[in-house]
Every structure is written in structure tokens, then in C-alpha cells.
Amino acid sequence: MNPEPEEAEDQEEAEPIEEYVPGVANGRHYMARLCHLPDGPWYIDVIHVESLPPLHDSGERTWPTRQEAVQAADKLVADLAH
């Protein structure tokens, strides 16, 4: 009667690490929530832009570094003006 090892299951599903990054693009202030799993690529979870509804990325695009994800968020906000 050994109990099921629930701890092993919890360790397999690592929680993404979230980081909030502020920025300004085309005069619009925004806050991007970037995420990544340990040793995994970065992705944009959501971008909050002043006076606009939240922008959600598809989650299919990833970047190998935090800096590249920050640049991508900046470009997404800048592209709103076009």
C-alpha cells in the first residue's frame, strides 16, 4: 500500500517564470509579461498598452533570449500605429 508519488508529478510540470517589462513605443506606454520555463525559450504572454485592451500573443513564437523577447514586444506595440 504505497501511496502514489504525487511529488514527482508536480516536479515534472515546472511553472513558467514570469517577468514584467515596461516600455514605450510610438509614445504609448506598455507593460509586457514575458515568460519562460527554466532553460527554455522566452515568449510574450500578454502586453498591456495604455488605453487599449490587452494584447495576447499566440504563444507559438519564442525567442532564445530575454532581450529578443523585449525587442519583439516593443515591435508589436510600435506596429499598432500602422
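For reference, positions follow the sequence shown, starting with 1. This one's a predicted model, so the numbers in the text were calculated from it and none came from an experiment.
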Hey, what do you get for [atom1] ([X]) to [atom2] ([Y]), rounding to the nearest 0.5 Å?
X	Y	atom1	atom2	result
L76	Y30	CG	OH	9.0 Å
L34	E68	CG	CD	12.0 Å
R28	L80	CZ	CG	6.0 Å
I44	W63	CD1	CH2	4.0 Å
L55	D79	CG	CG	11.0 Å
E19	R33	CD	CZ	12.5 Å

Point to revise | Flag if over 12 foreign heavy atoms under 6.0 Å of CD, E15 | key: no
Point to revise | Contacts of type salt bridge (Lys or Arg N to Asp or Glu O under 4.0 Å), residue E50, not counting sequence neighbours | key: none
Exercise for review: For the residue pair P38 and I17, establish whether any side-chain heavy-atom pair is separated by less than 4.5 Å.
Suggested key: yes
Point to revise | Check: A78 main-chain N/O paired with N26 side-chain donor or acceptor under 3.5 Å | key: yes
[X] and [Y]: which non-hydrogen atoms are nearest, and at how many Å?
X	Y	answer
P41	H36	O-CB, 3.1 Å
T65	W42	C-CD1, 3.3 Å
L37	A14	CD2-O, 3.4 Å

**Study point:** Identified side-chain contact (heavy atoms from CB on, under 4.5 Å) partner of I47 from the options V21, D74, V77, L52
**Key:** V77
